[in-house]
Number of protein chains: 2
Amino acid sequence: MTEALTSTRDRLVLNAARLFQQRGYHGVGLAEILAESGAPKGSLYHHFPNGKADLALAAADWAGGEMQRIMADAFEHAASFDDGATTLCFKLAKLFDLSGHRDGCPVSSTLFEGAANDAFRDRAAEIFAGWIGTVTTHGVRFGLSPDAAEMMAERLFMGLEGAWVLARAQKTAEPLRRLPRLLGHMPGA
Amino acid sequence: MTEALTSTRDRLVLNAARLFQQRGYHGVGLAEILAESGAPKGSLYHHFPNGKADLALAAADWAGGEMQRIMADAFEHAASFDDGATTLCFKLAKLFDLSGHRDGCPVSSTLFEGAANDAFRDRAAEIFAGWIGTVTTHGVRFGLSPDAAEMMAERLFMGLEGAWVLARAQKTAEPLRRLPRLLGHMPGA
DNA sequence: TCCCCTCTAGACCATTTGGTCTAGTCCTGT
DNA sequence: ACAGGACTAGACCAAATGGTCTAGAGGGGA
């Protein structure tokens with residue numbers, strides 16, 4: 001599919017991230033990732049000596065970074081914390097619509113299946129901490145105390161992950177759109 | 001493992017529910033479920049003609065019912081909606097501790113991996129609706145308007161699912177214990 | 001006793017899984 | 001020109017996957 005505009009490594013990471021997000025770590029075989037990336041096995045094991053596990057970590061890192069950028073962007077241009085949170089929810093709802101109402105949280109989809117795989121969960125915790133940290137920073141910027149900002153950030157994170165779960169089950173982004181109101185971030189309407 | 005105190009069918013459902021909850025639908029092979037249940041393949045395909053998919057639906061149904069009972073129980077003996085919500089979060093935190101900080105939401109772990117499997121997601125939506133409906137009913141019982149009760153129930157659901165995700169990543173039940181305060185269900189402390 | 005139906009038992013199968021390995025291409029520095 | 005590393009290419013492999021099929025155990029009713 002995706003052709004040589006990007007490096008082989010990047011294509012592998014990108015496609016892996018997308019597929020894992022849709023169907024989970026064990027739900028996608030290397031064969032499919034390789035085919036979509038137009039890469040042979042040799043390339044995979046050259047760039048990722050530990051194979052699928054390495055690739056999943058890289059994919060989660062990449063997707064986690066993208067998400068963090070989306071979060072930062074939503075709050076960057078906001079007039080208040082409530083405004084930023086609302087914008088973020090609506091942005092993610094839009095993305096969920098564009099994905100055909102299929103994709104889950106890229107990190108939990110990718111990293112929550114490896115049996116007793118501590119490395120995966122540790123990495124997930126790191127990525128989540130990055131997200132929550134970003135939102136916390138903006139909370140402080142908007143005048144919240146560090147503690148209050150962290151609480152608000154964590155609450156928003158939990159709400160988003162939960163709304164995402166419900167959205168996948170119901171095949172509609174409405175739960176994500178309802179979230180700002182449920183959390184009191186949308187006084188009006 | 002689990003021996004003949006229960007019927008073969010029940011043992012299959014129970015073990016499947018447990019294993020899927022830990023490692024997801026694709027993360028567990030039939031061989032393991034069969035071994036843990038002490039049952040041969042023939043029995044599986046006798047009780048579940050469509051094999052793994054049927055078993056997963058039955059497992060999700062069973063686990064969903066258990067969860068609904070836990071929810072009903074938490075609110076049944078509560079003095080207020082806030083009290084019920086707090087009790088529920090603490091109960092689930094306790095269960096998460098007992099699981100060795102491994103298990104995710106039984107329904108999303110089991111039913112969110114089947115490629116474009118609409119049947120799985122529809123079933124998940126039904127089970128989630130049951131949970132939210134149960135909490136909504138209790139909200140009304142505590143004097144909330146039907147609309148307000150449903151909002152509170154949905155908000156609690158999202159919070160729980162999200163807290164569960166964070167709890168898995170951090171390998172601690174603390175996010176679940178923090179949730180009542182984050183949602184304003186715990187005025188004191 | 002004999003039949004029938006439910007359920008157990010597990011051998012067997014094609015396919016797919018993640019992973020290894022050898023060969024070869026291509027580009028870069030000297 | 002040529003040496004050497006980075007990368008591509010895909011044949012190959014053992015193990016595991018979900019699923020099918022035949023055989024038979026066990027028990028209740030006629």
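Protein chains get the first letters and strands the later ones, always in sequence-line order, with residue 1 at the start of each.
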Notebook entry, point to check: Going through the checks in order, is the side-chain contact (heavy atoms from CB on, under 4.5 Å) test met by B/M152 and B/V135?
Noted result: CA-CA 8 Å; B/M152 295 301 273; B/V135 175; over 6 Å; no
Item checked: Test salt bridge (Lys or Arg N to Asp or Glu O under 4.0 Å) applied to B/D97 and B/R177, step by step -> CA-CA 11 Å; B/D97 281 334; B/R177 294 204 166 85; 2.8 Å; yes
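- From the 5' end on, the contacts that DNA chain D makes with chain A at under 4.0 Å to a non-hydrogen atom open and close at D/dA6 to D/dG10.
- Side chains of A/E150 and A/T136: no donor on one and acceptor on the other come within 3.5 Å.
- Judged by distance alone, the side chains of A/Q68 and A/T134 do bring a donor and an acceptor atom under 3.5 Å apart.
- Around CG of A/D73, the count of heavy atoms belonging to other residues, nucleotides or ligands within 6.0 Å exceeds 12.
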Next item on the list: Please assess A/R23 against A/E32 for the test salt bridge (Lys or Arg N to Asp or Glu O under 4.0 Å), listing each intermediate value before the final yes or no.
Entry: CA-CA 12 Å; A/R23 306 211 299 277; A/E32 189 176 359; 2.4 Å; yes
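- Side-chain rings of A/F120 and A/Y25 approach one another, their centers coming within less than 6.0 Å.
- A residue-by-residue look at A/Y45 and B/L44 shows that B/L44 has its nearest nucleotide of DNA chain C further toward the 5' end.
- Taking 4.0 angstrom as the limit, B/T8 places a side-chain polar atom (N or O) nearer than this to OP1 or OP2 of C/dT8.
- A donor and an acceptor atom, one from each side chain of A/R11 and A/T8, are located under 3.5 Å apart.
- Protein atom CD of A/E32 is 19 Å distant from nucleotide atom P of C/dT15, rounded to whole Å.
- Mapping A/H46 and A/K41 onto DNA chain D via the closest heavy atom, the residue that lands nearer the 5' end is A/H46.
- Of all the residues in residues 48-57 of chain A, A/G51, A/K52 reach under 4.0 Å from DNA chain C with at least one non-hydrogen atom.
- With sequence neighbours excluded, no residue forms a side chain to side chain contact (heavy atoms under 4.5 Å, CB included) with A/A129.
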Solution key, residues 79-89 of chain B side-chain donor-acceptor pairs under 3.5 Å, sequence neighbours excluded:
from	atom 1	to	atom 2	distance (Å)
B/S80	OG	B/D83	N	3.0
B/D82	OD1	B/H185	ND1	2.7
B/D83	OD2	B/A79	N	2.9
B/T86	OG1	B/D82	O	2.8
B/T86	OG1	B/H185	O	3.4
B/T87	OG1	B/D83	O	2.9

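- Taking A/H101 as the reference, A/F96 meet the ring pair (Phe, Tyr, Trp, His ring centres under 6.0 Å) condition, with sequence neighbours excluded.
- The residue B/G29 sits close only to the backbone: its heavy atoms come under 4.0 Å of sugar-phosphate atoms, none of a base.
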Under-3.5 Å N/O pairs linking protein and nucleotides 24-29 of chain C:
none

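- The separation between A/I33 atom CD1 and C/dG19 atom C1' is 14 Å, rounded to whole Å.
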